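Okay, handing you the structure first.
Computed from a predicted model, the values in this text were never measured in an experiment. All chains are named by letter (A, B, ...) in the order of the sequence lines, taking the proteins before the strands, and each is independently numbered beginning at 1.
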Number of protein chains: 2
Amino acid sequence: MAEQTEVLRRTPLSKDRILRAAVTLADEAGIDSLSMRNLAQDLGVVPMALYKHVANKDELVNGMIDVAIGEIDPPVPGADWKQAVRERILSARRVLQRHPWVSLAIESRTAPTPAVLAYLDSMVGTFRRGGFSADLTHHVMHAMGSRTLGFSQELFDAARSAGRSGASNPESSAALPPQFADRFPHLAAIAVAASHDDASVVGQGCDDQFEFEFALDLLLDGVERLQRQGWTSTRRDGDRSVVSGPDQPS
Amino acid sequence: MAEQTEVLRRTPLSKDRILRAAVTLADEAGIDSLSMRNLAQDLGVVPMALYKHVANKDELVNGMIDVAIGEIDPPVPGADWKQAVRERILSARRVLQRHPWVSLAIESRTAPTPAVLAYLDSMVGTFRRGGFSADLTHHVMHAMGSRTLGFSQELFDAARSAGRSGASNPESSAALPPQFADRFPHLAAIAVAASHDDASVVGQGCDDQFEFEFALDLLLDGVERLQRQGWTSTRRDGDRSVVSGPDQPS
DNA sequence: ACCTGAACACCGTTCAAGT
DNA sequence: ACCTGAACACCGTTCAAGT
């Protein structure tokens, strides 16, 4: 409608409106399509008009990140630390599946944004209330790394810059080239091992959710063990093994 | 010397010479400075001359990655799987410290390069010879993620796009802003906890090497435990905890 | 004082003109 | 047939001219 177009054109720009349009653009067209010029066109304004509300593109991306991080669920109230951390991280992961550009955007930052800091601060608080020392919590946060925010650097991540396509979409599964098994026999063997549906499929054949939870639980179980052992940092003493506690089998 | 310049100008371009110049450029000036135009200028040729040897910039970056991956030490012969994996990953980490652009370059790829595949294949072989089932090895490789290649997504990684500056350089340590402890009390607490040198320093105050090995050993100890328990994938059965084996304490 | 078109300094890559 | 300068279609951002 002409009237509606007129209203939209007349709606004043705001940082909030710019950020929401930028998130939508990145969601739908990919982060590579996010340019000041494209974004301005989507908003029906001249590119330079954006610079009234954001200092530069870096500040725009920072704002976009915080919009996404704000969508992560708050910690579940009654749960113990392990359940609370686990659920929150899986919530973060769901957010990142809605906004696949976020992980790359966060990685490209030189400093964490305010919302990321607030999220991490809250998670540290959950560990501390669960009986973790400040020392152990510090190292645990490092060890979790980007997994804390719901993503991890996968090496076979074909869906990274590609469009959204569920793992259950058989169309997008690339069959192994014939030479692959000859050149990389070990990789071919483990690709077959965990691919329940089609033995000639790798990458897309992996159950991403399972792999994420496998690694998450491996880490959570490991740090739980350290906490129960009363682990303390021994880095100045040359002791290399982090779990060489008293109840180690042999 | 004029003669030497003449010789250099006369030296024919080759993919190898281009790749080595590109790696040097990225090492010294950062990945952002790596453009076809800058690279051509360093080589004393016109930009379009590069396209005789590389199809496009993506292929250039792929080649650069493989140059770097080729610098990783081969597995140590006599060691058991745990030592072999550990040493190799730490070697990869040293390579990435010499070439700080590699992790971002690998992350930006949509598919792994041949040298990365060969490296991963070799590592899978080490696990398999150590008695790991193909099933477990598959999930372990996922769980290790980018750590396999010597890097992990740190959230406070200030030195990411910045120039090289050792963690021991006190000049580059940013003090915590006064409001920080008020807004993010838990983060402030754990920052102080593990900072031995200066309690008001975060980020640069962390011992990156210690944190990397802490997480690496946490994972290696965890997967060793799974392997000893004869862990098998139970993902279709709704069993969520990866370490719920028979010898769990309670 | 405010807005904005043109311009600047880049980029990867195409393509046709020149040798 | 080969090489390469100019051009194309972008980019983030500056800046001065116009209202």
Provide, to the nearest angstrom, the distance between the CG atom belonging to A/Leu13 and the P atom belonging to C/dC3.
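Spelled out: CG on A/Leu13 to P on C/dC3 is 10 Å.
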
Taking the P atom in each of C/dC8 and D/dA7, what is the distance between them to the nearest angstrom?
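About 16 Å, rounded to a whole number of Å.
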
Are the side chain of B/Asn62 and the backbone N or O of B/Thr113 linked by a donor-acceptor pair below 3.5 Å?
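Flag not set: sc B/Asn62 to bb B/Thr113 has no pair under 3.5 Å.
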
Between atom CG in B/Asp32 and atom P in C/dC11, what is the gap in whole Å?
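Rounding to the nearest Å, CG of B/Asp32 and P of C/dC11 are 11 Å apart.
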
Give the B/S/- string for nucleotides 12-19 of chain D, one per nucleotide from 5' to 3', where a protein heavy atom under 4.0 Å of the base yields B, of only the sugar-phosphate yields S, and otherwise -.
BBBB----

Distance, rounded to the nearest Å, where B/Leu43 contributes CG and D/dC3 contributes P:
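Interatomic distance, CG of B/Leu43 to P of D/dC3: 16 Å.
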
Check whether any side-chain N or O of A/His138 sits under 3.5 Å from a backbone N or O of B/Ile190 as a donor-acceptor pair, and report yes or no.
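Pair found, side chain donor or acceptor close to backbone of B/Ile190.
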
Qualifying side chain to side chain donor-acceptor pair (under 3.5 Å) pairs, either residue in residues 39-61 of chain A, two or more places apart:
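For residues 39-61 of chain A: A/Lys15-A/Glu59.
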
Holding to side chain to side chain donor-acceptor pair (under 3.5 Å), I want the full list of residues that pass it with B/Ser122, two or more places apart in sequence or in another chain.
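Here the qualifying residues are B/Arg88.
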
Do B/His186 and A/Phe127 pass the ring-ring contact (aromatic ring centres under 6.0 Å, His included) test, and can you show the C-alpha distance, the side-chain angles, and the key distance before you say yes or no?
CA-CA 10 Å; B/His186 298 301; A/Phe127 277 113; over 10 Å; no

Tell me the interatomic distance from B/Gln41, atom CD, to C/dC11, atom C1', rounded to whole angstroms.
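From B/Gln41 CD to C/dC11 C1': 14 Å.
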
Result block: side-chain N/O donor-acceptor pairs under 3.5 angstrom for residues 68-75 of chain A, not counting sequence neighbours:
{"unit_1": "A/Glu71", "atom_1": "OE1", "unit_2": "A/Arg98", "atom_2": "NH2", "d": "3.0"}
{"unit_1": "A/Glu71", "atom_1": "OE1", "unit_2": "A/His99", "atom_2": "NE2", "d": "2.8"}
{"unit_1": "A/Glu71", "atom_1": "OE2", "unit_2": "A/His99", "atom_2": "NE2", "d": "3.3"}
{"unit_1": "A/Asp73", "atom_1": "OD2", "unit_2": "A/Ser91", "atom_2": "OG", "d": "3.3"}

Would you sketch DNA chain D in dot-bracket for me? Only Watson-Crick or G-U wobble pairs with both distances under 3.5 Å count, crossing pairs as [ ], other-strand pairs as |, the rest as dots.
||.|||||...|||||.||

Spacing of A/Lys52 atom NZ relative to C/dG5 atom P, expressed in whole Å
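One finds 12 Å between P of C/dG5 and NZ of A/Lys52, rounded.
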
With sequence neighbours excluded, tell me which residues meet salt bridge (charged side-chain N to carboxylate O under 4.0 Å, His left out) with B/Arg183.
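Checked B/Arg183 against salt bridge (charged side-chain N to carboxylate O under 4.0 Å, His left out); zero matches.
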
Between A/Val102 and A/Met64, is the side-chain contact (heavy atoms from CB on, under 4.5 Å) condition met? List the steps.
CA-CA 8 Å; A/Val102 174; A/Met64 292 169 65; over 6 Å; no

